[in-house]
Asker: 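The structure is given below, and queries will be raised subsequently.
Below, chains carry the letters A, B, ... as their sequence lines are ordered, and counting in each starts from 1.
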Amino acid sequence: MKSLPTATGRECWTVVRALLRPRRKQAALAVLVLVAAAALGLAGPLLLGEIVDRIDDDRAASSITAPALGLLAAALGEAVLFALGLILISKLGQPILATLRERVVARALKLPAEQVERGGRGDLLSRLGDDIAVLSEAVVEAIPPLAAASLTLALTFVGLATIDPRLTLAALLVVPVQLWALRWYAKKAGPAYAAERRISGERAQAILDVVGGAKTIRALGLQPTALPRVEARSLSSVAAVVRTIRISTHFSSRLNLAEFVGTASTLVMGYFLVKSDSITVGAATAAALLFIRTFDQFNIVLGTIDEANRALAALARLVGVLQVPEPPPPVPHPGAHVSLDKIRHAYDDGPVVLHDVDLHIEAGERVAIVGVSGSGKTTLAKVVARFHTPTSGTVDVGHVALVTQEVHVFAGPLADDLRLAAPNATDAQLQAALDAVDADWAKLDAVVGHGGVELTPAQAQQIALARLHLADPKIAVLDEATAEAGSAGARVLERAADTVLQGRTALVVAHRLTQAARADRIIVLDAGRVVEQGTHDQLVAAEGAYAALWHTWSQDRA
Amino acid sequence: MTGAALLRGVLRAHRRRVALAATLLGAHQGFEALVPVVVGAAIDDAVAPSDGSALLLWVGLLAVLFAFLSTAYREGARAEERARETAAHALRMQVMERVVDPRGGGEAGLMPGQLLSVATADVDASAGVIAGLAYGTGVVVALVAGTIVLLVTSLTLGLTVLVGLPVIVWAGGRLGALLSRRAAGQQAEAADASGVAADLVTGLRVLQGIGAADTAAERYRVASQSSLRATLGAARAEIALGATAVLVGGLAVAGVAFVGGRLALEGEISLGELIAAAGITQFLVGPLSRLAWVGGLLARARGSATRLAEVLSAPPAVPAPTTPTSLRLESPPKVSVGTLEVPGGALFGVVTDAPEALLAALARESSEAVVTVDGVALAAMDPAAARATVVVAPHEATLLSGTVRDNVPGAADAALEAAAATDVIAALPDGLDTELADAGSSLSGGQRQRIALARALATQAPVLVLHDPTTALDAATEARVAAAMRQARAGTTTILVTTSPLLLAACDVVAHVRDGRVKTASHAELLADATYRETVA
């Protein structure tokens, strides 16, 4: 299993096109309005040329009032249409972006946790955070001006043609220069920006490591190992950004060359056309002004091309998340029993961690798995909970939920956290779940998690058990769900687990053997094989592996 | 430290590059302002009278001008970016160093996600002050140069623009502000959709465990939609500002054409000068609208710098003494914490109803209880030295990304052996050199805990405090660890804050603390006490 992929340009386009299709008419209207705005923009230089001509003809002072008023009207019209067009574009782009990010998050939430952690959670977090932010900013700040500027540039050639087609021909000399600049830029920019986004993700991971482990780093004096890692990532991100700015400024120099070529050729062509009396001085002026006006449009293109490229790289990373196939939804059978036959499992190319394990749990039965660390307990639990599809063997399980020792409390009111497990639960039902796990400290409206009250690991685990209670699965798998708290907290959690497991089929991975002893049946795993099974009393009497473990466990307790 | 002071510091620290960037970007704008002047002169001097050699001269001059403006922009933009990125890097490292500073308190009450955003988004926005200054200089130079050229062309025309333009810009600004204020009202309901996404992904395993992926996706959708409404509002505000700039520019050009046209007809200015004037006015719209962008950059820099300054000047958890006492240890040190007395060289168990307060005091994360080592108060020592003398390994087995070897400095075989971590390493594909993805989250809790324990033992600290170091281990492995502990910590002092009977039985002596009362005896003796038995069962 690899870390998360990045999409190619073609794949991104397919996704964007599909999102655009239902909004075709809206898109066409937006483009139309922007074209109209850009066309009105051309009126400015043309009317100025007209004024120049009237001055050249030495007409009366009042003769320039009409074109000056025309300038005023054109400016007003351009501003209004420009605003309207951009608002249409943002109304088009923002909902598309929202749909895209919602899809990406929805997919991310279904990705196999292993795959997410392989690339580092920082990678996914930076995709869902940074990359979405970069893209949103681009949709607001880069794409509309880029669209408007490109239209103005294109219409400039039309405007020149209305004066004299030969002027357009002269101005078209810029096209080969621009194409040459663009080809160079397109080749260099893509990889550079993609690298910059990737490195920024790695940097986020390194920073998260330090801020998340700050207490540990301080306690153990790990600063000399932790800080240089961040420093190295941060420096390589500096280098990556500097590399992209080198490319975009180099590009801007080439575009400047195009601007010069265009201005000079328009002037020279104007000179010949005036000389041959084909056009007036005013028209030549209008042509030159039309062309100079494009400089600011070029600046806009330049100013936003950086952002636009970064946005494309971000888009590729987001679409990349969508490309991870959604794991097929498990088909739970309606019953409450568990049937595993000949389960064999290995992670990727790693060693086999489960060897031909058969596990049958009847409805309502409680089974405990014990064994030393690394014996395959967690893997077996995850196969039952449908977290892993085993390398071979058949799995037939009803509606199942899993609680591990990994705790996370979701930010916001506690009630919202609990409703993740049961969206339609009433407050009374939520309170009942809290009562079931003895969470007498908990208040439904208390803001917990990120930015709220920080819960102790034991409290967070009580919440996890309350969620399990609310999710109300037929089968519950607890993977050392009571481990984090130390002995004192563990007993509270064990009581809570007992309540929550009532009336369910249960598979409990436990190294606190008191919990195992209460199970209907105990399965002892060793090196991925079932070596013993039976009730507590049977296994203790058998004087095998379990009995030895039980002896060690109980010797210092009373 | 305030945000403004921080920004001043950034500019001071990078003044050479900032000055270079501002000069070059200013020069670029000055050269750009000259382009319409040269074009106007070419029309006046070469196109109108059909003078071929004059045309060559002016086109040549235009080429030189373009060479200058192109070079100035390229080098200026590069200098600005380098200055800004270097500044951001320096700020980022300052944040990181503050967070892990031995005096503690560096989290400034923020969660990891918030600190990440301070170390990335806020750092970048603060360094944006350099862009604001450098590009702002360009804008100012453009405006001043444009005005001067206009004034030189014609005093009347120059004054018209000089008076008229600010009035139009001011009016436009008022209009823009009015429009954007209306739009910004909607921003109040903005939900931090990206925060929601980060929170949900962090709890990915938990969500998947209870089959709540769809519910969670729906929750994000609600946040995303509310953020969509807010961005649409904000976009409308931004667009209103942009359109106002277009309007302002158009009005200004119309005004110049009207006034300048009359002047030209009266013969007061030449055609070329009129063209230059119109061209420059048209050009000035760009810098004028960039003024708002520069203002936005600076405002964002101020806002972020304030947040950054709060983290950088967060009060330390414990005050550092002005003249630290140094401690020379010759034999295993004895330690006292409040009423607890730990003999030198002991393997000392503590079963307490308030472990957090005890650990915070020992770890110098709080100064509520007095801790002494061989009679010297930790508070009197340099915080780094105090932490090196008394190492408190937290219960959360947080590993750092990197290899196992990076995590266990020295990778002492004895420490790995004692923590029963050798089996863990043997099972890893590259042994000690295995990269731990995402801070070891791919390892099981038990594997992480053993590597963390090895890391703590490898410090060979004079005083080591371990908090529940074996909760994720099975009984057999825990028994191995308990048996190896004494050997691993021979000649040093060890405090085990735990309720594990296996570890407590291995201790020389155990203190049972309840409601502030301490009872010290061996584990076996303490088991006679019902409360104790209940606590460790």
Asker: Can you tell which part of B/A388 gets under 4.5 Å to a heavy atom of chain A, answering side chain, backbone, both or neither?
Answerer: neither
Asker: Which one wins on heavy-atom pair count under 4.5 Å against chain A: B/V391, B/V206, B/V100?
Answerer: B/V100
Asker: Heavy-atom distance under 4.5 Å to chain A: side chain of B/P102, backbone, both or neither?
Answerer: both
Asker: As an exercise, state the distance from CD1 of A/I245 to CD of B/E85, rounded to the nearest 0.5 Å.
Answerer: 9.0 Å
Asker: Just so I know, are the side chains of A/R101 and B/S227 near enough to count as touching, which here means a heavy-atom distance under 4.5 Å?
Answerer: yes
Asker: Return the minimal non-hydrogen interatomic distance between A/L549 and B/A476, and the atom names on each side.
Answerer: CD1-CB, 3.5 Å
Asker: Which bit of A/V477 comes within less than 4.5 Å of chain B, counting heavy atoms only: side chain, backbone, both or neither?
Answerer: neither
Asker: Below 4.5 Å from any heavy atom of chain B, which atoms of A/I55 appear? Answer side chain, backbone, both or neither.
Answerer: both
Asker: Please state whether the side chain, the backbone, both or neither of A/Q223 comes within less than 4.5 Å of a heavy atom of chain B.
Answerer: side chain
Asker: Select, from A/W553, A/F82, A/W550, the one with the greatest count of heavy-atom pairs under 4.5 Å involving chain B.
Answerer: A/F82
Asker: Keeping the roles fixed (side chain from A/Y271, backbone from B/G52), state whether a donor-acceptor pair exists under 3.5 Å.
Answerer: yes
Asker: Which answer fits B/H89, side chain, backbone, both or neither, if we ask what part of it has an atom under 4.5 Å from a heavy atom of chain A?
Answerer: both
Asker: Find the one option among A/A219, A/A401, A/S237, A/A68 whose heavy-atom pairs under 4.5 Å with chain B are most numerous.
Answerer: A/A219
Asker: Report which part of B/M93 has an atom under 4.5 Å of a heavy atom belonging to chain A: side chain, backbone, both, or neither.
Answerer: side chain
Asker: Do B/L207 and A/F410 have side chains that approach each other closer than 4.5 Å (heavy atoms only, starting at C-beta)?
Answerer: yes
Asker: Tell me, out of A/S234, A/S200, A/G371, who's got the most heavy-atom pairs with chain B below 4.5 Å.
Answerer: A/S234
Asker: Indicate yes or no for a side-chain donor-acceptor contact from A/S375 to the backbone of A/V372 under 3.5 Å, with no hydrogens or angles considered.
Answerer: yes
Asker: Which bit of A/L111 comes within less than 4.5 Å of chain B, counting heavy atoms only: side chain, backbone, both or neither?
Answerer: backbone
Asker: Using non-hydrogen atoms and a 4.5 Å limit, figure out which bit of A/P224 sits close to chain B: side chain, backbone, both or neither.
Answerer: neither
Asker: Does the side chain of B/T498 pick up a donor-acceptor pair with the side chain of B/D468 at under 3.5 Å?
Answerer: yes
Asker: If I measure from the heavy atoms of chain B, does A/H399 come under 4.5 Å with its side chain, its backbone, both, or neither?
Answerer: neither
Asker: Heavy-atom distance under 4.5 Å to chain B: side chain of A/I217, backbone, both or neither?
Answerer: side chain
Asker: Flag the pair A/V210 / B/L115 as yes when at least one side-chain heavy-atom distance between them is below 4.5 Å, and no otherwise.
Answerer: no
Asker: I want to check something: taking the side chain as every heavy atom from C-beta on, are A/R229 and B/L400 in contact at a cut-off of under 4.5 Å?
Answerer: no
Asker: Hey, could you give me the CG/CD1 distance between A/L47 and A/I64, rounded to the nearest 0.5 Å?
Answerer: 12.5 Å
Asker: Pick whichever of B/G446, B/A393, B/G211, B/A216 has the most heavy-atom pairs under 4.5 Å with chain A.
Answerer: B/A216
Asker: Under a 4.5 Å heavy-atom cut-off, does chain A meet the side chain of B/R262, its backbone, both or neither?
Answerer: both
Asker: Report the option among B/L55, B/L265, B/V47 that has the most heavy-atom pairs separated by less than 4.5 Å from atoms of chain A.
Answerer: B/L265
Asker: Check whether B/A264 gets within reach of chain A through its side chain, its backbone, both or neither, counting any heavy atom under 4.5 Å.
Answerer: both
Asker: Select one option (side chain, backbone, both, neither) describing which atoms of A/L76 are under 4.5 Å from chain B's heavy atoms.
Answerer: both
Asker: Under 4.5 Å heavy-atom distance to chain B, tell me which part of A/A74 shows up: side chain, backbone, both or neither.
Answerer: neither
Asker: Examine the side chains of B/T477 and B/D474 and answer whether a donor and an acceptor come within less than 3.5 Å of each other.
Answerer: yes
Asker: What residue, out of A/L125, A/I51, A/V241, A/L470, has the most heavy-atom pairs lying under 4.5 Å from chain B?
Answerer: A/V241
Asker: Return the option, out of B/Q208, B/M96, B/R221, with the maximum number of heavy-atom pairs under 4.5 Å with chain A.
Answerer: B/Q208
Asker: Checking heavy atoms, do the side chain of A/T65, its backbone, both or neither come under 4.5 Å from chain B?
Answerer: both
Asker: Which answer fits B/D423, side chain, backbone, both or neither, if we ask what part of it has an atom under 4.5 Å from a heavy atom of chain A?
Answerer: neither
Asker: Please classify the contact of A/A471 with chain B as side chain, backbone, both or neither, using a heavy-atom distance under 4.5 Å.
Answerer: side chain
Asker: I want to check something: taking the side chain as every heavy atom from C-beta on, are B/H467 and B/P394 in contact at a cut-off of under 4.5 Å?
Answerer: no
Asker: So which part of B/R219 gets closer than 4.5 Å to some heavy atom of chain A, the side chain, the backbone, both or neither?
Answerer: side chain
Asker: Between A/L72 and chain B, which part of the residue has a heavy atom less than 4.5 Å away: side chain, backbone, both or neither?
Answerer: both
Asker: What part of B/T202 lies closer than 4.5 angstrom to a heavy atom of chain A: side chain, backbone, both or neither?
Answerer: both
Asker: About how many Å separate CG of B/L232 and NZ of A/K91, when rounded to the nearest 0.5 Å?
Answerer: 7.5 Å
Asker: For B/A427, which atoms come within 4.5 Å of any heavy atom of chain A: side chain, backbone, both, or neither?
Answerer: neither
Asker: For chain B, find which of A/V281, A/T285, A/V242 contributes the most heavy-atom pairs closer than 4.5 angstrom.
Answerer: A/T285
Asker: Could you measure the distance from the CG atom of A/L109 to the CG atom of B/L204? Nearest 0.5 Å is fine.
Answerer: 6.5 Å
Asker: Answer with side chain, backbone, both or neither: which region of B/I275 has an atom nearer than 4.5 Å to a non-hydrogen atom of chain A?
Answerer: both
Asker: Can you tell which part of B/E365 gets under 4.5 Å to a heavy atom of chain A, answering side chain, backbone, both or neither?
Answerer: side chain
Asker: B/A475, B/G209, B/G260, B/G250: which one forms the most heavy-atom pairs within less than 4.5 Å of chain A?
Answerer: B/G209
Asker: Looking at A/P423, A/A464, A/A37, A/G221, which one has more heavy-atom pairs under 4.5 Å with chain B than the rest?
Answerer: A/P423
Asker: Does CZ in A/R107 sit with more than 12 non-hydrogen atoms of other residues, nucleotides or ligands closer than 6.0 Å?
Answerer: yes
Asker: Between chain A and each of B/E478, B/H523, B/Q225, B/R455, count heavy-atom pairs under 4.5 Å; write down the option with the most.
Answerer: B/R455
Asker: Between atom CG of B/N407 and atom CG of A/L222, what is the distance when rounded to the nearest 0.5 Å?
Answerer: 7.5 Å
Asker: Decide yes or no for B/R92 and A/E231: does some side-chain heavy atom of the first lie under 4.5 Å from some side-chain heavy atom of the second?
Answerer: no
Asker: Do A/V105 and A/E102 make a side-chain contact, defined as non-hydrogen atoms from C-beta onward lying under 4.5 Å apart?
Answerer: no
Asker: Does any heavy atom of chain B fall under 4.5 Å from the side chain of A/A226, the backbone, both, or neither of them?
Answerer: both
Asker: Considering only heavy atoms, which portion of A/F387 lies under 4.5 Å from any heavy atom of chain B: side chain, backbone, both, or neither?
Answerer: side chain
Asker: Can you confirm whether B/H395 sits close enough to B/T471 that some side-chain heavy atom of one is under 4.5 Å from a side-chain heavy atom of the other?
Answerer: yes
Asker: With only heavy atoms counted, which part of B/L502 is less than 4.5 Å from chain A, the side chain, the backbone, both or neither?
Answerer: both
Asker: Check for a donor-acceptor pair, side chain of B/T86 on one end and backbone N or O of B/R82 on the other, with a separation under 3.5 Å.
Answerer: yes
Asker: Given heavy-atom pairs under 4.5 angstrom as the criterion, report whether the side chain, backbone, both or neither of B/Q447 touches chain A.
Answerer: neither
Asker: Distance from A/L71 atom CG to A/L48 atom CG, nearest 0.5 Å?
Answerer: 5.0 Å
